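Quick notes on the structure that follows.
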Amino acid sequence: MLKLQNVDHYQFKDSDVQKTIDTEVLVVGAGNAGMMAAAAAAEKGTKVTVVEKEDSINLLRLGIGGVGTNAQKRAGLTINKYDLVEYLAAFAQHNVDEGLIYHWANHSAEAVNWVEDNILKPHGAHLRSEPDAMVTSSAYEGFPTENDPTTDDKTFASYGKWFQEKVEDMGVKLQSQIARTN
């Protein structure tokens with residue numbers, strides 16, 4: 001049972017609770033990160049609920065960022081992780097935890113490859129590595145981290161419904177239009 005208390009110094013009263021959700025893991029948001037978190041938790045055998053404030057659960061973006069993915073390997077692309085992390089950190093004036101960026105650069109392929117193997121391939125789709133990052137100014141550097149879902153290497157394949165079906169098959173409970181207030 002989940003009950004939030006003392007969030008941002010606001011003291012919740014029992015009368016503030018509009019709905020109680022019985023779950024072990026609550027994921028807020030059904031986008032790429034939320035659905036991946038739900039799948040990862042479900043793979044560990046936990047009781048997972050995803051709540052989404054919008055009308056639809058199908059909110060996944062097409063391109064998935066990653067470094068060292070199977071799609072990039074098939075395309076012969078290699079991204080220099082040091083250069084990528086240094087560029088991202090410098091862009092933020094080094095006001096970031098570079099360790100977190102390195103963690104993403106070193107482990108993002110695991111998640112991207114999971115999507116390809118578990119969501120796309122069962123539906124005849126795969127990931128195509130975007131060979132070039134579009135850069136419109138010489139002030140910026142681009143890294144080809146994008147992996148696009150496709151069935152024919154020319155068009156995009158929308159995989160949100162497939163992802164939804166997969167996590168539901170894994171026992172994840174999906175709820176949309178949660179706690180809407182205007």
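Every value quoted in this text rests on a predicted model; they were computed, and no experiment measured them. Values below: every heavy atom of this structure, side chains too, minus hydrogens, waters and symmetry copies.
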- Query: Should the heavy atoms of other residues, nucleotides or ligands under 6.0 Å from NZ of Lys173 be counted, would the total exceed 12?
  - Reply: no
- Mind checking whether Phe163 and Trp114 have parallel, tilted or perpendicular rings, split at 30° and 60°? tilted
- Task: Test Asp97 against every option in Leu100, Ile101, Asn95 by the side chain to side chain contact (heavy atoms under 4.5 Å, CB included) rule and name the one that passes.
- Result: Leu100
- Task: Please confirm whether the backbone N or O of Tyr82 pairs with a side-chain atom of Tyr87, one donor and one acceptor, at under 3.5 Å?
- Result: no
- Query: If we only count heavy atoms from C-beta on, is the Phe143 to Val67 side-chain gap below 4.5 Å?
  - Reply: no
- Note on the structure: Of all heavy-atom pairs linking Gly66 and Ser108, the shortest is CA-OG, 3.4 Å
- Which atom names give the shortest non-hydrogen contact between Ala125 and Ala157, and what distance separates them? CB-CB, 4.5 Å
- Task: Before accepting this row, confirm whether a basic side-chain N of the pair Glu130/Arg128 lies closer than 4.0 Å to the acidic partner's carboxylate O.
- Result: yes
- Item | Side-chain heavy atoms of Val115 within contact of Met36, under 4.5 Å | yes
- Okay, side chain of Thr23, backbone of Lys47: is any donor-acceptor separation there less than 3.5 Å? yes
- Under the side-chain contact (heavy atoms from CB on, under 4.5 Å) criterion, do Lys161 and His123 qualify, and how do the steps go? CA-CA 11 Å; Lys161 290 291 183 191; His123 295 278; over 6 Å; no
- To the nearest 0.5 Å, tell me how far Ile119 CD1 sits from Tyr159 OH. 9.0 Å
- Item | Check: Asn70 and Leu127 side chains under 4.5 Å, non-hydrogen atoms | no
- Query: CG of Asp169 to NZ of Lys166: how many Å apart, nearest 0.5 Å?
  - Reply: 7.0 Å
- Item | Closest non-hydrogen atom pair between Pro144 and Ile79, with its separation | O-CD1, 3.4 Å
- Task: Please round to the nearest 0.5 Å and tell me the distance separating atom CD of Glu141 and atom CG of Asp83.
- Result: 6.5 Å
- Going by heavy atoms in the side chains, are His94 and Glu86 under 4.5 Å from each other? yes
- Query: Side-chain contact, heavy-atom cut-off 4.5 Å: Met170 with Val48?
  - Reply: no
- Nearest-0.5 Å distance, OG of residue Ser176 to NZ of residue Lys53: 13.0 Å
- Determine the sole option in Asp153, Asn147, Asp152 for which the side-chain hydrogen bond (donor to acceptor under 3.5 Å, both in side chains) test with Thr150 is passed. Asp152
- Item | Non-hydrogen side-chain atoms of Val167 and Val50 separated by less than 4.5 Å | no
- Thr49 side, atom OG1; Asp22 side, atom CG - distance, nearest 0.5 Å: 8.0 Å
- Task: Evaluate the side-chain proximity of His126 to Leu120: yes if any heavy-atom separation is below 4.5 Å, no if none is.
- Result: no
- Item | 4.5 Å side-chain heavy-atom contact, Glu24 and Lys44 | no
- Closest non-hydrogen atoms of Ala105 and Val85, given as atom of the first, atom of the second and distance, are CB-CG2, 4.2 Å
- Among residues two or more places apart or on two chains, list those pairs meeting salt bridge (Lys or Arg N to Asp or Glu O under 4.0 Å) that have a residue in residues 109-120. Arg74-Glu116, Asp117-Lys121
- Does one hydrophobic cluster hold both Ile64 and Leu77, with members joined at side-chain heavy-atom distances below 4.5 Å? no
- Query: How far apart are the closest heavy atoms of Ser158 and Leu62, and which atoms are they?
  - Reply: CA-CD2, 3.9 Å
- Task: Check whether any side-chain N or O of Gln72 sits under 3.5 Å from a backbone N or O of Gly68 as a donor-acceptor pair, and report yes or no.
- Result: yes
